[in-house]
Amino acid sequence: MSIIVQTLYEVQSTKALLLTVIVLAGAILHRLLVPPKVNDGGVKHISALKTLYWTFKSSPSRLDLCNKVDIPALQETGIVRSWLWGRWMYKINNADYARQLYLKTSVYQKIELHNLIPYVFRAVAAGGNLMTENGDRFKAHRSIVGASFRRTWPASTFRTHLGKLENMIRRNGRGLDVLNACRRATLDVLGQIIMGTDFGGLDNVDGELLEICWDVVDAGIEPLYLVFPILDKYPVGKRARSFANLKKFHAFIEQTIAIKRAELAASEKLGDIERNNADLLTLMIEAHEQTKIHGAFDENGKQLPTMTSEELRNNTIIFFVAGHDATAYSLSHLIAELARHPDKQQQARELVIGVLGDTSDAYPTDEQLNKLAGLDMFIKESMRKNSTVSDVRRQLTEPVSLGPYTLPKGAWVMVDLWALQNNPIYYPNPDKYIPERFQEPFSKDDGADLTANANVPFTWTPFSEGSRKCIGHKFAMLTQRIVLALLVHRFTWTLPDDSPFATKPLTTTSGLISPIDLKVNFVPRHAR
Ligand code: HEM
């Protein structure tokens, strides 16, 4: 008898379990397949399964996702509803719609992650900061952070690090792991200009500081936690170690701030000459001290809130989070494009030799660096084709009309930078690498392959646009220009015979887009 009861009980529990699994799976599938009903005038949607398939396909490529899913869906109307990391949101690739998102900042607001999900890694890492605040708090941050960016950087800023990069490539040039080299170079350069710290990346010493910084930067974009943010409430194992590293990084930055604050207090106000050699943190502390004495005001004279010391620390972290990998990945895409296009590589080289000459140790003066502005077309075309930041997201504070559609208050809207900059309406033959699209002065008669649209506003926005445009964009362009100048001057490079990049770049598919497994053969041009 008891055996019969037990068997019945087991059958019932198995059934209950099965039913629960079926219901859960059904709920997930329903969420994936059927977007929530919204009265938006009939914006079409992209099937989430399609997006998921192209995202996690065996050889992933943002180019494939863009060409097979985003562009075909967007081409007719410039706007679709799309599923991304657990949410449905509006995606746009129309320059006029993008203009509205970039310029109407009070309606298209930044998503305040630190208020929305305060326990997730990224929110704990950088709390309230320039990148995620809106309104008066944003203005308060921008007035202090902006003060530290109102400057230029002399060519000498990069000299030591570029010397080390050259040595590293000379030693390991065959099959060089490009991404790793670029990450080391940008970490060292940024460490110096942000806080005067040498992270030792190019010395090939994986010291504690480098490991902590990379862990903090990487942990913020771990896919598992983007889809299931709740997991960050109870971190275990590797994730708990990342939170511990974050604590150490916070402590290191706070200690550096205290030292710099004391140094500033002991010295006179910075002179103009020192300003160009000072690090960003010193300049931020100086501006912060000034606002504590005199207050901060917006363009209409309205008093702004004072930034706290914790927010000063958060902004220092955000420079690493926002600037380090974005620059490293953009440089890696550029190196890949020029490996695939040896004629363009040679064109860039001739330009550099024309300005610097061809002695083995030539290094640009500030004047020569300005004359190398012609290199920017190679950089801009690579950033168009391979936008490192895949999209720019906002949340609506009120309903908006875009063409025939009305998007509801609270909706998330994003400019799909890939689909915008690879939109064949703006850039014919978007898959082709044609730096001349960005050669000034622009001409309307460049032939069918080229386009004059590079000078049409809001079609090239890898740094976003408007008042929320990347605050580091000038520095990022300068870094790419001087690294490119050094590379084409000192080396030639090609893809190994079996490289997948010869036909199509393998890349991650959303967030920050990085090449995957990009190896390049560098050959020195000068004997030592
Ligand atoms: C090639 C390199 C870079 C790319 C492609 C890039 C791209 C971007 C983009 C697209 C945004 C706008 C995000 C949005 O509106 O949602 C942004 C914002 C930002 N970037 Fe960059 N960035 C780069 C380098 C840097 C560097 C070197 C720094 C700092 C040293 C930096 C610091 C920031 C900050 C603080 C913001 C927030 C600005 C604000 O909201 O006012 N970025 N970046």
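The analysis underlying the following values was restricted to heavy atoms, covering all of them including side chains, and did not include hydrogens, waters or symmetry mates. One is the number of the first residue; the rest follow in order along the sequence. Just so you know, ligand 1 is whichever comes first in the structure, and atom 1 is the first atom listed for that ligand.
Those atoms of ligand 1 with a heavy atom of Val392 less than 4.0 angstrom away are 14 (C), 15 (O), 16 (O). Interface atoms of ligand 1 facing Thr327, defined by a heavy-atom separation under 4.0 Å, are 1 (C), 2 (C), 24 (C), 27 (C). Residue Phe138 approaches ligand 1 through these ligand atoms, each under 4.0 Å from one of its heavy atoms: 41 (O). Of all atoms in ligand 1, numbered sequentially from 1 with element shown, those under 4.0 Å from a heavy atom of Ser330 are 1 (C).
For the residues Ala476, Ser390, Ala322, Gly146, the heavy atom positioned nearest atom 33 (C) of ligand 1 is part of Ala322. Of the candidates Gly466, Ser464, Ser467, the one placing a heavy atom closest to atom 12 (C) of ligand 1 is Ser464. Summarising the contacts of atom 30 (C) of ligand 1 with Tyr108, Phe149, Tyr329, Phe475, the nearest heavy atom is found in Phe149. Comparing Ala126, Gly323, Ala328, Pro462 by heavy-atom distance to atom 27 (C) of ligand 1, the nearest is Gly323.
Put simply, the side chain of Ile285 reaches to within 4.5 Å of the side chain of Leu312, judged on heavy atoms. At least one side-chain heavy atom of Thr132 sits less than 4.5 Å from a side-chain heavy atom of His114. The closest side-chain heavy-atom distance from Thr291 to Met307 is not below 4.5 Å.
Under a 4.0 angstrom heavy-atom cut-off, Met383 registers as being in contact with ligand 1. Distances shorter than 4.0 angstrom occur between a heavy atom of Arg394 and an atom of ligand 1. Heavy atoms of His473 stay at 4.0 angstrom or farther from ligand 1.
Checking only distances, Arg468 does come within under 3.5 Å of ligand 1, N or O to N or O. Considering backbone and side-chain atoms alike, Lys469 places every N or O at 3.5 Å or more from each N or O of ligand 1.
Scanning all protein heavy atoms for the shortest distance to atom 6 (C) of ligand 1 gives Phe463 CD2, 3.6 Å. Summary of contacts: the protein heavy atom closest to atom 34 (C) of ligand 1 is Ile471 CG2, 3.8 Å. Lys110 NZ, 3.3 Å is the protein heavy atom nearest to atom 14 (C) of ligand 1. When hydrogens are left out, the protein atom nearest atom 36 (C) of ligand 1 is Met131 CE, 4.0 Å; that is the closest non-hydrogen contact. Summary of contacts: the protein heavy atom closest to atom 41 (O) of ligand 1 is Arg142 NH1, 2.6 Å.
Without hydrogens or angle criteria, Asn314 side chain to Gly128 main chain gives a donor-acceptor distance under 3.5 Å. Using a distance-only test at 3.5 Å, with no hydrogens or angles considered, a donor-acceptor pair links the side chain of Asp188 to the main chain of Gly201. Between the side chain of Arg394 and the main chain of Gln109, no donor-acceptor pair closer than 3.5 Å is present. With hydrogens and angles disregarded, a donor-acceptor distance shorter than 3.5 Å links the side chain of Asn422 to the backbone of Trp418.
Classification of the His324-Trp214 ring pair by plane angle, with boundaries at 30° and 60°, yields parallel. Ring orientation note: the planes of Phe463 and Trp460 are nearly perpendicular, at an angle over 60° on the 30°/60° scale. Under the 30°/60° scheme for interplanar angles, the aromatic rings of Tyr102 and Phe458 are found to lie parallel.
With ring centers used as reference points, Tyr119 lies 6.0 Å or more from Phe243.
The closest side-chain donor-acceptor pair between Ser242 and Asn245, if any, does not fall under 3.5 angstrom.
Taking 2.8 Å as the threshold, Cys470 counts as a candidate ligand of atom 21 (Fe) of ligand 1, since one of its N, O or S atoms lies below it.
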